[in-house]
Structures are given as structure tokens and as C-alpha cells.
Amino acid sequence: MSYPDGDAGAWWKPGARTKAAVRSALDLLFPPQSLDGGTATLSVGLEAAAWSRIHFIDGPLCDGCGIPFEYDLGAGVRCADCMARPRVFSRARAACLYDEVSRGPILQLKHADRTDLAPLMARWISRAARDLLEEAEAIAPVPLHRSRLLGRRFNQAAEIARPLARMWGRPYLADAVVRRRDTGTQGGRSASGRRRNVAAAFTVPPARAAQVEGRAVLLIDDVMTTGATLEGCARALKEAGAARVDVAVAARVKEAASRTI
């Protein structure tokens with residue numbers, strides 16, 4: 001007896017249309033609830049009122065660090081900070097500003113085990129960093145130190161990076177970068193203090209160097225403040241032979257000194 005595609009079990013596996021039909025039927029029986037705890041929504045996500053309050057970064061921005069500009073200064077323009085001190089990574093994009101509205105779901109993911117929010121943030125990044133994703137040859141998360149990972153049980157950056165890599169069909173490098181010492185929290189430190197705190201804290205294990213050598217790697221995190229942690233990871237990747245390192249985050253702080261994460 002012959003089977004479709006030469007797979008003895010493939011004939012009964014549901015196709016995309018079947019999965020969509022089943023999902024629609026389940027949505028009728030169990031209407032999706034908004035992830036921010038509001039009213040029912042048409043699909044998984046935030047309710048309309050919460051969505052409208054988030055400051056998504058759509059307009060002109062610095063090509064280096066992703067900070068939004070008030071006016072369009074042209075393609076590829078960089079802010080004064082990036083020109084004065086070029087970053088280790090090539091370019092950065094953020095889906096939204098980290099403020100009183102976006103802070104809630106991000107902290108819920110980070111500290112309240114709300115891993116169901118991670119795929120939503122992956123979709124936000126997919127939209128905001130499309131240009132970087134199109135050129136990326138691999139996707140890697142900013143790592144947690146093993147002691148912190150044991151306490152939290154998951155890495156929020158990895159929870160975002162994994163579905164994003166799946167969406168774009170890119171290799172997901174779960175442990176290409178490791179944090180070899182516990183740097184503690186970056187909250188409350190100055191920009192220079194943050195850089196000193198993560199100095200030489202990240203490395204690419206020799207067994208993983210072949211995964212990054214010659215590749216354009218997109219580094220994923222939940223929040224970017226000064227970018228010190230992301231630069232530390234980017235430096236490790238480039239030392240291991242990465243051709244280029246770009247950065248994408250769910251949110252970025254507009255005024256680095258004004259927020260504690």
C-alpha cells in the first residue's frame with residue numbers, strides 16, 4: 001500500500017486548512033481572552049485599549065541603537081551618541097518604548113511566569129525588525145547565568161527568540177552565548193557602571209563557535225536600556241567569528257537614566 005509523500009503516517013496528519021478550521025471552532029467555543037487580563041478579543045493578544053496605549057516605534061529612528069527620532073533625518077542616520085561612541089553591534093531595533101504601559105506585560109513575562117506573552121512579543125519584534133530579520137542567518141538570545149536560570153526556571157529572552165526563529169525559518173542558537181559569571185542586576189547603575197559590570201561576562205563556548213562563525217547573528221532580549229549587556233554579548237559573538245551582530249528587543253528605554261528595570 002502506498003501513502004501520500006511516502007510517509008505511512010502522513011495521510012492522517014492535519015494540514016494547514018484543517019488546523020485553521022479546528023482553531024476557529026475552538027475560538028467559538030472558548031473565545032480568546034486578552035493577555036493583559038481585559039475583555040475577550042478576536043485573537044490572542046492585548047485588548048484594543050491596551051494596544052492603543054503602547055508606544056510602538058514605527059517612525060524615523062537611529063539606525064545604530066533604534067531610538068526614535070522626532071523628525072525624519074533620512075535612511076541610515078545615527079544619533080549623536082552612536083556617532084560619538086560606535087556600538088559593538090551593527091544595528092538595533094525595538095518594537096516599542098519601555099514605559100508605564102509596556103512595562104506591565106514585560107515584567108509579567110520576566111517575573112510572573114507569563115511565558116504566554118513571549119510569542120506576542122516575538123510578533124512585535126518581527127514587525128519592528130523586519131529589515132534585520134531578512135538579513136539574519138541565525139538568531140540567539142541574551143543568556144542568563146545558570147544560578148539565575150535555576151531561580152527563574154526560564155530565560156525570557158529565549159522564550160521570545162525561539163518562536164521568532166521559527167517564524168522566520170532561521171537557526172535558533174539556544175546556547176551560542178553563555179554568561180560565565182553572575183553579573184547581578186543592572187538596575188540603578190550608570191551607563192559606564194553597566195559596561196564595567198558586564199565586562200568579559202559573556203563568551204561563546206568553543207563547541208559552539210562553528211555555529212556563529214561567518215554568520216550574521218541577530219541577538220534577542222526583552223529590554224534595552226544602555227545596551228551594555230547586548231554589547232557584551234555582541235563582542236563575544238564577534239570574537240568567535242560572527243560576520244555581523246544586530247540586535248532586536250521587545251522594548252527600549254528612551255531615557256536610559258529615567259527607568260529602573
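Numbering starts at 1 and runs along the sequence shown. Owing to the predicted nature of the structure, the values given are computational and were not obtained by experimental measurement.
Residue D72 comes nearest to G74 through the heavy atom pair OD1-N, 2.9 Å, listed as atom of the first residue, atom of the second, then distance. Pairing each heavy atom of A94 with each of A128, the nearest pair is O-CB, 3.7 Å. Of all the heavy atoms in V204 and A236, the pair that sits closest is CG2-O, 3.6 Å. Here the shortest heavy-atom pairing between L117 and L109 reads CD1-N, 4.1 Å. Minimum interatomic distance between E159 and A118 (heavy atoms only, all atoms of both residues): O-CB, 3.4 Å. Taking both residues in full, the closest heavy atoms of A122 and I160 are given as CB-O, 3.5 Å, listed atom of the first, atom of the second, then distance.
Side-chain atoms of V88 and V245, non-hydrogen and from C-beta on, never get closer than 4.5 Å to each other. Two residues are said to be in side-chain contact when any heavy atoms from C-beta on lie closer than 4.5 Å; P205 and V178 meet this criterion. Side-chain contact between I125 and V249 is absent, with no heavy-atom pair separated by less than 4.5 Å. A 4.5 Å side-chain heavy-atom check between I106 and Y98 finds at least one atom pair inside the cut-off. Between M121 and Q156 the shortest side-chain heavy-atom distance does not fall below 4.5 Å. Using a 4.5 Å heavy-atom cutoff, the side chains of R114 and P105 are not in contact. Taking 4.5 Å as the limit, some side-chain heavy atom of C79 sits within range of a side-chain heavy atom of F69. L230 places a side-chain heavy atom less than 4.5 Å from the side chain of V142.
Look at R91 and D63 and you find no salt bridge, because none of the NZ, NE, NH1 or NH2 atoms lies under 4.0 Å from a carboxylate O.
Under the 4.5 Å side-chain contact rule for hydrophobic residues, L120 and L107 share a cluster. Linking Ile, Leu, Val, Met, Phe, Trp and Tyr residues whenever their side-chain heavy atoms come within less than 4.5 Å leaves V247 and M83 in two separate clusters. Grouping the Ile, Leu, Val, Met, Phe, Trp and Tyr side chains by contacts below 4.5 angstrom, directly or via other members, places W124 with V223.
Note that the OG atom of S102 and the CG atom of D222 stand 11.0 Å from one another [nearest 0.5 Å]. Note that CG of D175 and CD of Q211 are 6.5 Å apart. Values are rounded to the nearest 0.5 Å. Here the NZ atom belonging to K254 is positioned 6.5 Å from the NE2 atom belonging to H55, to the nearest 0.5 angstrom. How far CG of L164 is from CD1 of I220: 5.0 Å, rounded to the nearest 0.5 Å. Taken to the nearest 0.5 Å, the CZ atom of R252 stands 8.5 Å off from the OG1 atom of T225. In this structure, CG on L218 lies 10.5 Å from CZ on R93, to the nearest 0.5 angstrom.
The backbone N or O of L133 sits less than 3.5 Å from a side-chain atom of R170, completing a donor-acceptor pair.
Atom CD of E134 has more than 12 neighbouring heavy atoms from other residues, nucleotides or ligands inside a 6.0 Å radius.
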Take E231 and F202 through the test side chain to side chain contact (heavy atoms under 4.5 Å, CB included) and record every step on the way to the result.
CA-CA 10 Å; E231 287 196 86; F202 302 97; over 6 Å; no
Check the pair R215, L173 against side chain to side chain contact (heavy atoms under 4.5 Å, CB included), reporting the backbone distance first and the verdict last.
CA-CA 12 Å; R215 277 178 159 176; L173 310 182; 4.1 Å; yes
